[in-house]
Amino acid sequence: MIDPRFYTLLDGGMSIAELCARLDIAAPVGSFSETVVRQPASLALSKPGDIAFLENKRHASALDTAKASACFVSEALADQVAAKNIVPVICRSPKYQIACATDLLVMSSDMPADISSTADIHPSVHIGPGVTIADGVKIGPNSVIMNAVIGKNTTIGACTVIGGSGFGVAVSATGTVLPVPHVGRVIIGDNVRIGSNVCIDRGQLGDTQIADVCQIDNLVQIAHNCVLERGCVLAGRVGLSGSCHIGENVMMGGSAGLADHIK
């Protein structure tokens, strides 16, 4: 779900027919094309009114919980989408189309940040619109905080970036490369320690989540949509690719790395 603290949605949404026309792809035949979609969403967490995407059969299990109104999908997987009563919008590059649709449906918000009076934040820290910072948080010099909700008594070192856009590109059927918009958040729990020169990217569609009492050393990279459950410990130079899910109390030694979607 798009968080209104950080983003605003196109008023009234857009019909699938209009969206497809803007994207220069064929709309579904019949009355389905008049279905209105209001926001992009990850397929597994999608709700009515959302539009999602499915590009690879490796991720087809996301349909088990999907409730989107529509889904950009390759022709090979369209029947599986339709079987879930989701309108399949057939195209050659579903990830590229959801990226383009996100630019049409979602805009940045200018809501003020909500910062506790007990937070200790160095004057050089940049805090973006809508950021929520709870009691007792400490943030060191030259850090950047955006698109984030930070829990109580969390400590963040110097020169760390929380909530920056994740790394992702989508390629059209004709070879055009588009940076994928990231319209999710970073949610950090209570009593978390995050070192210096750490990057924790916000979710693409959905959230990056760091649970309570996690300990993250300097020079760690956590990519979009990763989840760290309670009590994880990550030593220096650990790198997590997108959509990794790390269970409770996992310890990762220095320079360990994970490919995407590992649990």
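Numbering of residues begins at 1 and proceeds along the displayed sequence.
- Not one N or O on the side chain of Asn225 forms a donor-acceptor pair closer than 3.5 Å with the backbone of Gly242.
- Residues Asp201 and Gln221 have side chains that bring a donor and an acceptor to within less than 3.5 angstrom of each other.
- Placement of Leu240 and Ile194 within a single hydrophobic cluster is found when ILVMFWY residues are connected by side-chain heavy-atom separations under 4.5 Å, directly or transitively.
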Task: Worked verdict on Leu63 versus Leu43 for side-chain contact (heavy atoms from CB on, under 4.5 Å) - done: CA-CA 7 Å; Leu63 287 167; Leu43 185 57; 3.9 Å; yes
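- Scanning all heavy atoms of the two residues, the minimum distance from Ala223 to Ser241 falls at CB-C, 3.6 Å.
- Every side-chain contact (heavy atoms from CB on, under 4.5 Å) that Ala27 has, sequence neighbours left out, goes to Cys20, Ser33.
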Show every donor-acceptor pair shorter than 3.5 Å between a side-chain atom in residues 251-263 and any protein atom, with sequence neighbours excluded, or say none if there are none.
from, atom 1, to, atom 2, distance (Å)
Ser255, OG, Arg237, NE, 3.2
Ser255, OG, Arg237, NH2, 3.1

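- Interatomic distance, Met107 CE to Ile2 CD1, rounded to the nearest 0.5 Å: 10.0 Å.
- Side-chain contact between Arg202 and Arg185 is absent, with no heavy atoms from C-beta onward closer than 4.5 Å.
- For the atom pair CD (Gln97) and OG1 (Thr102), the distance works out to 11.0 Å, reported to the nearest 0.5 Å.
- The hydrophobic clustering, which links ILVMFWY residues whose side-chain heavy atoms are closer than 4.5 Å, places Val169 and Leu178 apart.
- Between His59 and Leu54, the closest side-chain pair of non-hydrogen atoms falls below 4.5 Å.
- In this structure a side-chain-to-backbone donor-acceptor pair under 3.5 Å is missing from Asn191 to Asp212.
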Open item on the list: side-chain contact (heavy atoms from CB on, under 4.5 Å) for His245 and Glu229? Distances and angles first, verdict last.
Closed with: CA-CA 8 Å; His245 189 130; Glu229 294 188 19; 2.6 Å; yes
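- Annotation: the span from Cys199 atom SG to Asn197 atom CG amounts to 8.0 Å, rounded to 0.5 Å.
- A continuous path of Ile, Leu, Val, Met, Phe, Trp and Tyr side chains, each step under 4.5 Å between heavy atoms, connects Val238 with Ile188, placing both in one hydrophobic cluster.
- Heavy-atom minimum distance, Leu10 versus Met14: CD2-CE, 3.5 Å.
- Screening Thr35, Ile16, Ile90 against Pro28 for a side-chain contact (heavy atoms from CB on, under 4.5 Å) leaves a single residue, Ile16.
- Of the candidates Val73, Leu23, Ile25, Val89 forms a side-chain contact (heavy atoms from CB on, under 4.5 Å) with just one, namely Ile25.
- Taking all atoms of both residues into account, the shortest heavy-atom contact from Ser15 to Glu34 is CB-O, 4.0 Å.
- Sparse packing is recorded around CG of Asp79, with 12 or fewer heavy atoms of other residues, nucleotides or ligands lying under 6.0 Å away.
- Side-chain contact between Ile210 and Ile222 is present, with heavy atoms from C-beta onward closer than 4.5 Å.
- Judged purely by atom type and a 3.5 angstrom limit, Asp50 uses its side chain to pair as donor or acceptor with the backbone of Lys47.
- What you find for Ser93 and Ala173 is that their closest heavy atoms are OG-N, 3.0 Å.
- Between the side chain of Asn56 and the main chain of Arg58, a donor-acceptor pair closer than 3.5 Å is present.
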- [ ] Would you sort out whether Asn249 and Val233 count as a side-chain contact (heavy atoms from CB on, under 4.5 Å), showing the intermediate values?
- [x] CA-CA 7 Å; Asn249 302 314; Val233 179; over 6 Å; no
Would you give me the side-chain donor-acceptor pairs under 3.5 Å for residues 118-127, sequence neighbours excluded?
from, atom 1, to, atom 2, distance (Å)
Thr118, OG1, Ser116, OG, 2.9
Thr118, OG1, Asp135, OD1, 3.4
Thr118, OG1, Gly136, N, 3.0
His122, ND1, Ser124, N, 3.1
His122, ND1, Ser124, OG, 2.8
Ser124, OG, Asn142, N, 2.7

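- The backbone N or O of Lys95 lies less than 3.5 Å from a partner atom in the side chain of Glu55, making a donor-acceptor pair.
- The distance from atom CD1 of Ile187 to atom CD1 of Ile150, rounded to the nearest 0.5 Å, is 10.0 Å.
- Under a hydrophobic clustering in which Ile, Leu, Val, Met, Phe, Trp and Tyr are joined whenever their side-chain heavy atoms come within less than 4.5 Å, directly or via other members, Phe53 and Val183 fall into the same cluster.
- In plain terms, the two heavy atoms of Val198 and Gly195 that are nearest each other are CG2-O, 3.6 Å.
- There is no side-chain donor-acceptor pair under 3.5 Å between Arg5 and Ser109.
- The shortest distance between side-chain heavy atoms of Asp190 and Asn153 does not fall below 4.5 Å.
- Checked by atom type and distance alone, the side chain of Tyr7 pairs as donor or acceptor with a backbone atom of Gly184 at under 3.5 Å.
- The closest side-chain heavy-atom distance from Leu105 to Gln39 is not below 4.5 Å.
- Between the NZ atom of Lys84 and the SG atom of Cys71 there is a distance of 12.5 Å, given to the nearest 0.5 Å.
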TODO: List the steps and the verdict of side-chain contact (heavy atoms from CB on, under 4.5 Å) for Ile51 and Ile98.
DONE: CA-CA 8 Å; Ile51 185 164; Ile98 196 70; 4.2 Å; yes
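- A distance-only check finds a donor-acceptor pair linking the side chain of Thr65 to the backbone of Ala44 [under 3.5 Å].
- Considering only heavy atoms from C-beta on, Val213 stays 4.5 Å or farther from Val192 through its side chain.
- Counting heavy atoms from C-beta outward, Pro129 and Met111 have side chains that stay 4.5 Å or more apart.
- For the pair Gly247 and Cys232, the tightest heavy-atom approach, listed with the atom from each and the gap, is O-SG, 3.0 Å.
- Remark: side-chain polar atoms of Ser143 are paired, donor with acceptor, to backbone N or O of Thr160 under 3.5 angstrom.
- Val220 and Ile162 fall within a single hydrophobic cluster, where Ile, Leu, Val, Met, Phe, Trp and Tyr are joined by side-chain heavy atoms under 4.5 Å apart, directly or via other members.
- We find the OG-CD distance between Ser243 and Gln204 to be 8.0 Å, quoted to the nearest 0.5 Å.
- Side chain of Ser69 to backbone of Ile86: no donor-acceptor contact under 3.5 angstrom is found.
- A heavy-atom distance below 4.5 Å is found between the side chains of Leu19 and Leu104.
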